[in-house]
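Notes to accompany the following structure.
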Number of protein chains: 2
Amino acid sequence: MSDLLERLRERGWRMTSQRRVVAEVLDGDHVHYTADEVHARAALRLPEISRATVYNTLGELVALGEVTEVCTDGRARRYDPNAHRPHQHLVCSGCGTIRDVHPLGDPLADLPAAGRFGFTVSGVEVTYRGLCPACA
Amino acid sequence: MSDLLERLRERGWRMTSQRRVVAEVLDGDHVHYTADEVHARAALRLPEISRATVYNTLGELVALGEVTEVCTDGRARRYDPNAHRPHQHLVCSGCGTIRDVHPLGDPLADLPAAGRFGFTVSGVEVTYRGLCPACA
DNA sequence: TTGGATGCAAACATTTTGCATTAGC
DNA sequence: GCTAATGCAAAATGTTTGCATCCAA
């Protein structure tokens, strides 16, 4: 399923072989690669692709709202192509595996105006921590 | 203030001038410094303190459970001395300011067993995004 | 006294930048 | 052809490591 590529083409995104490969690597569910992992996978199909291009492309996809950045461990940022459907993350403290989850309720509603310090709150990220079946 | 220093002494933590200064820098509310900010502030009182010592000390404080790491922007990790009272974070997308907040409800209860992929869930981090009064 | 803590410098990992070349539209 | 995208290499940023020295208990 190449929803991502199709959406990008419709939006008039200038298509190059590098950008196509990056978009293909990011296509799928529960995908949360680091920039370096994206580069490695892209290089399997397009050996000459450079890291700078991967970083540029990921940055653009984030700016376009087609991919979101997630920061689960203070190390490398990860890129999540599941940007159209709101969801949260479940991270294994053992092996680092990340799964998309859909909790009930609305975390935004849980933060009363009185506790917002005058901020205009626009979004919320939730990261659940635990151990996956294999690590438990 | 200085609950932190006192707790550390009680726990038999070997005290040095460097560790004391780091603990003093971290003492307070809504404190979320990067390792480098801790180093800069510590160096005002103890110019010869090294970055390595600051990193070592922060790592130990985290291991002791007296400080928690927060990762709000994919760049440097930040260190939060408010580890005894559970709370979440409100981050300004403009200037990066971070405030501790205390939402209602329990996010853990919002993730039904059926959506946990067999994980043993032990904790949750919530980051609210918005604009502070000055940036709005 | 002695094991653990420190400082230094170098290595390492991740991300950004400048600029000449290339290629999509 | 014009403009934007690419590749390369260097730099910027953040963190870890090895090892000789120093110091709190």
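All values reported here derive from a predicted model rather than from experimental measurement.
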Just N and O in the side chain of [X]: are any of them under 4.0 Å from OP1 or OP2 of [N]?
X	N	value
A:T16	D:dT6	yes
B:R77	D:dT15	yes
B:T53	C:dA5	no
B:Q18	C:dG7	yes
A:R51	C:dT14	no
A:R19	D:dA5	yes

Send over the distance from [X] [atom1] to [N] [atom2], rounded to a whole Å.
X	N	atom1	atom2	value
B:L61	C:dA5	CG	P	12 Å
B:D73	D:dG14	CG	C1'	12 Å
B:H39	D:dT13	NE2	P	16 Å
A:M15	C:dT22	CE	P	23 Å
A:L58	D:dA5	CG	C1'	15 Å
A:E37	C:dT15	CD	C1'	15 Å
A:R78	C:dT14	CZ	P	10 Å
B:E48	C:dA5	CD	P	18 Å

Step by step, would you call A:C71 with B:C71 a disulfide (SG to SG under 2.5 Å)? CA-CA 7 Å; A:C71 174; B:C71 173; 1.9 Å; yes

So which one's nearest nucleotide on DNA chain D is more toward 5', A:N56 or A:R75? A:N56

Hey, does the side-chain of B:R14 have a donor or acceptor N/O within less than 3.5 Å of a partner on the base of D:dA24? yes

Decide whether A:D3 and A:H84 meet the rule of one side-chain donor and one side-chain acceptor closer than 3.5 Å. no

Is a side-chain donor-acceptor pair under 3.5 Å present for B:E60 with B:W13? yes

Going by heavy atoms in the side chains, are B:D27 and B:L5 under 4.5 Å from each other? no

Tell me if a side-chain donor or acceptor on B:H30 pairs with a main-chain N or O of B:I98 at a distance below 3.5 Å. no

Using C1' atoms of five pairs at each end, report the bend of the helix from C:dT1-D:dA25 to C:dC25-D:dG1 rounded to 10 degrees. 40°

So how far is it from A:R75 CZ to A:T34 OG1, rounded to the nearest 0.5 Å? 12.0 Å

When you get a sec, tell me which of [options] is the closest nucleotide to the side chain of [X]?
X	options	result
A:A52	C:dG7, D:dT15, D:dC8	D:dC8
B:E60	C:dA5, C:dG7, C:dT6	C:dA5
A:Y55	C:dT14, C:dT6, D:dG14	C:dT14

Taken in chain and number order and not counting sequence neighbours, the residues that satisfy side-chain contact (heavy atoms from CB on, under 4.5 Å) with A:V31 are A:L26, A:Y33, A:P81

Qualifying side chain to side chain donor-acceptor pair (under 3.5 Å) pairs with a residue from residues 109-123 of chain A, counting only residues at least two apart or across chains: none

